[in-house]
There are 2 protein chains.
Amino acid sequence: MSKCDQCIVREFSSLKALNKEELLKMANCKTSYIIKKGEPIFTEGENVNGIFCVKDGVCKLSKLSENGNEQILKLVAKGELLGQRSMISDEPVNLSAVALEDMEVCFVPKSEILGFFNENNQFSMNVMKSICGDLKEADDHLVNMAQKSVRQRLAETLLELHDTFGINEDKSLRIKLSREEIAGMVGTATESCIRLLSEFNKNGLIELSGKKITLKDFKKLRSM
Amino acid sequence: MSKCDQCIVREFSSLKALNKEELLKMANCKTSYIIKKGEPIFTEGENVNGIFCVKDGVCKLSKLSENGNEQILKLVAKGELLGQRSMISDEPVNLSAVALEDMEVCFVPKSEILGFFNENNQFSMNVMKSICGDLKEADDHLVNMAQKSVRQRLAETLLELHDTFGINEDKSLRIKLSREEIAGMVGTATESCIRLLSEFNKNGLIELSGKKITLKDFKKLRSM
DNA sequence: CTGATTGTATGACAAATATCATATTTTATT
DNA sequence: AATAAAATATGATATTTGTCATACAATCAG
């Protein structure tokens with residue numbers, strides 16, 4: 001059983017407030033999983049009863065709309081935690097988490113985390129701040145969805161993917177998403193997304209080559 | 001100076017976890033304000049450094065989009081708290097709060113609240129749960145914005161106004177909003193909002209009479 | 001009361017987006 | 001490698017929504 005005190009998740013998440021002793025306790029009760037690309041970590045409506053630490057890989061957090069479309073709310077990368085809101089609200093998760101790449105995650109049961117909560121003030125403050133950050137992000141995101149055109153949202157999404165996940169040696173976006181998934185982030189029909197990507201390509205804003213997307217004209221993309 | 005222990009806000013918010021002693025402390029450091037209809041309680045970007053308790057009246061929480069439109073994210077009624085996220089994140093508020101009716105609010109400084117935080121576990125848990133509730137709401141709202149038509153969003157907004165704020169004796173919606181504000185909630189142009197309200201009126205889904213809106217066909221509105 | 005201002009309503013039109021159809025390309029499977 | 005299946009691309013078209021113009025109604029200040 002691997003230790004928690006050297007883990008990347010500890011370094012970048014609320015868990016950084018935990019001391020050696022607490023980390024040891026956590027290491028003893030955690031469960032590690034390998035999640036293959038395309039597989040779910042959890043599904044909307046499920047009772048999760050704990051949190052997941054993302055050690056490696058990226059997953060999407062999404063929700064089915066009433067018309068059956070998948071809306072992607074957020075991508076979660078290694079170093080982050082999953083399921084905090086649901087744990088605190090003591091409710092089923094309201095989002096699904098599905099791996100976009102092969103992933104390594106650890107599950108820590110709720111009882112354990114809630115223990116730290118009561119004993120370690122800095123830890124609970126960190127969790128709060130992280131959730132507050134999510135809330136602010138969600139509000140900003142909401143305004144964009146309500147007030148911006150699909151074209152603008154697509155441009156922003158591409159820039160976001162660039163900034164968050166970086167690029168390969170050939171400068172193409174590192175994170176691999178299907179057109180359908182990009183459409184799910186932007187909140188539009190897959191065909192519209194494809195069409196706009198083609199348009200961006202023709203206008204020199206981006207370069208398409210197979211599944212690879214390379215951002216070219218950052219200025220124009222930003223000022224859209 | 002009025003006491004806090006009988007206050008409606010105490011009854012319905014996170015504050016219900018505070019004991020007599022804490023409420024007394026709070027009563028001694030709070031400031032009461034009367035806010036007239038149309039006036040702001042705080043504005044996007046401001047440093048608030050505390051929370052507001054809404055004793056009476058309703059306000060809108062909104063944010064300006066980059067194109068200058070006002071998007072309303074939430075209406076806050078008496079009994080609720082304002083500014084929790086900003087206090088915990090230790091950041092300026094990201095939303096503006098403007099009174100939709102004459103309001104009575106109390107301001108409690110951050111230092112006081114953070115004191116309760118460390119001493120009263122149930123209180124901090126309540127605040128967390130309240131913020132988690134906001135986050136869930138924001139996610140749901142986001143999916144609606146991204147995936148539903150303006151017509152659907154308007155119908156939902158009307159039903160929400162009905163369910164949250166109730167009706168007058170003549171069955172019209174109690175909460176009074178301009179067409180522009182309704183459009184700001186729905187995330188559409190004012191003219192589109194007016195047009196759709198007219199359409200709903202013609203089709204018997206609602207009844208318009210001056211500024212008054214009366215919901216008529218709940219079934220159709222819900223199944224839109 | 002009266003003119004001025006603001007809010008509401010509606011028409012005409014343009015632009016953005018969704019939908020359906022179909023072709024092409026890529027990927028997976030045998 | 002051959003075939004099937006899935007993903008991507010694009011055209012045609014309908015629908016939705018935004019924008020601009022203008023009319024009408026309500027509200028407010030003097």
Side-chain angles (χ1 to χ4, degrees), chain A residues 36-38 60 65-72 100-101 144-158 172-173 175-203 206-214 224, chain B residues 36-38 60 65-72 98 100 144-158 172-173 175-203 206-214 224:
Chain A
K36 286 270 170 69
K37 177 177 171 169
K60 58 180 176 185
S65 74
E66 285 169 33
N67 59 48
N69 278 11
E70 181 190 50
Q71 177 65 37
I72 298 179
L100 293 174
E101 314 167 341
N144 283 343
M145 284 294 178
Q147 300 284 350
K148 293 190 175 171
S149 68
V150 171
R151 180 178 278 101
Q152 288 174 311
R153 270 142 55 196
L154 176 60
E156 280 195 15
T157 301
L158 292 173
S172 65
L173 294 181
I175 183 86
K176 269 192 181 170
L177 295 167
S178 68
R179 300 295 192 254
E180 192 177 1
E181 284 168 329
I182 298 177
M185 292 188 71
V186 172
T188 189
T190 305
E191 296 96 321
S192 298
C193 177
I194 290 173
R195 224 181 286 276
L196 284 169
L197 283 172
S198 292
E199 182 198 305
F200 285 7
N201 187 28
K202 267 178 206 131
N203 298 341
I206 64 174
E207 207 172 278
L208 295 176
S209 130
K211 218 159 176 149
K212 284 182 187 297
I213 301 176
T214 310
M224 197 133 234
Chain B
K36 286 269 170 69
K37 176 175 173 172
K60 58 181 177 184
S65 74
E66 286 169 33
N67 60 47
N69 278 12
E70 181 190 50
Q71 177 65 38
I72 297 179
V98 174
L100 293 174
N144 284 344
M145 284 294 177
Q147 300 285 349
K148 293 191 176 170
S149 67
V150 172
R151 181 178 278 101
Q152 288 175 311
R153 272 142 54 197
L154 176 59
E156 281 195 15
T157 300
L158 292 174
S172 64
L173 294 182
I175 183 87
K176 268 191 181 172
L177 296 167
S178 68
R179 301 295 192 252
E180 192 177 1
E181 285 168 329
I182 298 176
M185 293 189 71
V186 171
T188 189
T190 306
E191 297 95 322
S192 298
C193 176
I194 290 174
R195 223 180 286 277
L196 284 170
L197 283 172
S198 292
E199 182 199 305
F200 285 7
N201 187 27
K202 267 180 205 129
N203 297 342
I206 65 175
E207 206 170 278
L208 297 175
S209 131
K211 219 163 174 144
K212 286 183 186 295
I213 301 176
T214 311
M224 198 134 232

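What's counted below: heavy atoms across the whole structure, side chains too, no hydrogens, waters or symmetry copies. The chains referred to below are lettered A, B, ... by the order of the sequence lines, with proteins before strands, and numbering in each begins at 1.
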Practice item. Round to the nearest Å and state the distance from B:Ile213 atom CD1 to C:dG7 atom C1'. Key: 13 Å
Exercise for review: State which of D:dA12, D:dT17, C:dG7 makes the closest approach to the side chain of B:Lys211.
Suggested key: C:dG7
Review point. In whole angstroms, how far is the P atom of D:dC24 from the CG atom of B:Leu208?
Key: 19 Å
Practice item. Check every strand shown and say whether B:Ser192 touches a base, only sugar-phosphate, or nothing at a heavy-atom separation below 4.0 Å. Key: base
Point to revise | side-chain N/O B:Thr190 vs C:dT8 OP1/OP2, d < 4.0 Å | key: no
Review point. Tell me: CD of A:Glu180 to C1' of C:dT19, nearest whole Å?
Key: 15 Å
Point to revise | Phosphate OP1/OP2 of D:dT8 contacted by A:Ser198 side-chain N/O (<4.0 Å) | key: no
Check your understanding: Under 3.5 Å, is there an N or O donor on one side and an acceptor on the other linking the side chain of B:Arg195 and the base of D:dG18?
Key -> no
Check your understanding: Do you know the tightest heavy-atom contact between A:Ile206 and A:Asn201?
Key -> O-OD1, 3.3 Å
Check your understanding: What does A:Thr188 touch in the nucleic acid at a heavy-atom separation under 4.0 angstrom: a base, only the sugar-phosphate, or nothing?
Key -> sugar-phosphate
Exercise for review: Measure the shortest side-chain to side-chain distance between B:Glu66 and A:Gln152 over non-hydrogen atoms and say whether it is less than 4.5 angstrom.
Suggested key: no
Review point. Over how many whole Å does the gap from A:Leu196 atom CG to D:dA9 atom C1' extend?
Key: 13 Å
Practice item. Grab the CD-P distance between A:Glu191 and D:dT13 for me, whole Å please. Key: 17 Å
Check your understanding: Rounding to a whole Å, what distance do you find between A:Glu199:CD and D:dT10:P?
Key -> 12 Å
Check your understanding: B:Lys148 NZ to C:dA18 C1': how many Å, rounded?
Key -> 17 Å
Check your understanding: Please give, in whole Å, the distance from C:dT8 P to B:Leu197 CG?
Key -> 10 Å
Check your understanding: In Å, rounded to the nearest 0.5 Å, how long is the span from CZ of A:Arg179 to CD of A:Glu191?
Key -> 13.0 Å
Practice item. Side-chain contact test, heavy atoms from C-beta onward, threshold under 4.5 Å: evaluate it for B:Leu158 versus B:Leu154 and give yes or no. Key: yes
Check your understanding: Considering all heavy atoms of both residues, which atom of A:Met145 and which atom of B:Ala146 are nearest to each other, and what is their separation?
Key -> SD-CB, 3.7 Å
Point to revise | Given DNA chain C, 5'-ward residue of the pair B:Ile194 and A:Arg153, judged by closest heavy atom | key: B:Ile194
